[in-house]
Visitor: 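First the structure, then my questions, so here it is.
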Amino acid sequence: MPEASFSDAFTPFTVTVRTSGNGAHLELDGELDLQSGPLLLSAVDWLLPSPARLVVLDCAALRFVDARGLATLLRARSTLADHGVELGVANPSDALRRILSATSLTGALPEMPVVTPDRAGRGPASH
């Protein structure tokens, strides 16, 4: 399961999944909302069952998150936690940090360094 991409023609959102060893790196690109949320959940479902113990959502290209998008992030976290997998966010925008802080969800979706595909399974590494 090295790589997969989730997108459709109707939403301005793409999830690219890269896995290796005990980790997974999901690059989120676009707008996470009611319409695009199912794409993220499909990517999470694709990962399971998996030996991954850590999934990092790389939010560098995430331009927008609304309340439904935030709910989708929490649902992804819950699904992964049910399988013993930790979820964190990397490269959150200032807007995403504010939303997480304002909703007291910073601890539920902790900020982490990016897990690069070639180092996943050997621990988080920044790039």
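The first residue in the sequence is number 1, and the count goes up from there.
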Visitor: For R77, is there an ion pair with E86 - N to carboxylate O distance below 4.0 angstrom?
Guide: no
Visitor: Atom CG of D66 and atom CD1 of I99: how far apart are they, to the nearest 0.5 Å?
Guide: 8.5 Å
Visitor: In terms of hydrophobic clustering (I, L, V, M, F, W, Y; side-chain heavy atoms under 4.5 Å; direct or indirect links), are L39 and L48 co-clustered?
Guide: yes
Visitor: Test side chain to side chain contact (heavy atoms under 4.5 Å, CB included) on D33 and V65; report intermediate values, then the result.
Guide: CA-CA 6 Å; D33 56 20; V65 179; over 6 Å; no
Visitor: When rounded to the nearest 0.5 angstrom, what is the spacing between SG in C59 and CG in L109?
Guide: 9.0 Å
Visitor: Between A76 and L87, which heavy-atom pair has the shortest distance, and what is it?
Guide: C-CD2, 4.3 Å
Visitor: What heavy-atom pair brings P113 and A90 nearest, and what distance separates the two atoms?
Guide: C-CB, 4.1 Å
Visitor: Any chance CZ of R97 has more than 12 other-residue heavy atoms, nucleotides or ligands included, within less than 6.0 Å?
Guide: yes
Visitor: Please report the interatomic distance CZ(R63) to CD(E31), rounded to the nearest 0.5 Å.
Guide: 6.0 Å
Visitor: Give the minimum heavy-atom separation between L47 and A24, together with the two atoms involved.
Guide: CD2-CB, 3.9 Å
Visitor: Is the closest side-chain heavy-atom distance between L73 and L40 below 4.5 Å?
Guide: yes
Visitor: Check whether F64 and L62 end up in the same hydrophobic cluster, where Ile, Leu, Val, Met, Phe, Trp and Tyr are linked by side-chain heavy atoms less than 4.5 Å apart.
Guide: no
Visitor: Find out whether V56 and L26 are in side-chain contact, i.e. whether some heavy atom of one side chain is under 4.5 Å from a heavy atom of the other.
Guide: no
Visitor: Carefully, step by step, assess L105 and L70 under the rule side chain to side chain contact (heavy atoms under 4.5 Å, CB included).
Guide: CA-CA 10 Å; L105 292 172; L70 188 57; 3.8 Å; yes
Visitor: Have D45 and S42 got a donor and an acceptor in their side chains that come within less than 3.5 Å?
Guide: no
Visitor: Any donor-acceptor pair under 3.5 Å linking the side-chain atoms of D82 with those of T79?
Guide: no
Visitor: Hey, could you give me the CD/CG distance between Q35 and D8, rounded to the nearest 0.5 Å?
Guide: 8.5 Å
Visitor: I need the single residue from L41, T14, T16, V17 that forms a side chain to side chain contact (heavy atoms under 4.5 Å, CB included) with F6. Which is it?
Guide: V17
Visitor: Go through it in stages, so that I can follow the logic: the residues are D29 and F13, the test is side chain to side chain contact (heavy atoms under 4.5 Å, CB included), and I'd like the CA-CA distance, side-chain angles, deciding distance and then a yes or no.
Guide: CA-CA 5 Å; D29 186 347; F13 185 72; over 6 Å; no
Visitor: Rounded to the nearest 0.5 Å, what's the gap from CG on N91 to CG on L96? Could you check?
Guide: 11.0 Å
Visitor: Drop me the distance from H25's NE2 to D58's CG, to the nearest 0.5 angstrom.
Guide: 3.5 Å
Visitor: Show the nearest heavy-atom pair for residues L74 and A108, with the distance to one decimal.
Guide: CD2-CB, 4.3 Å
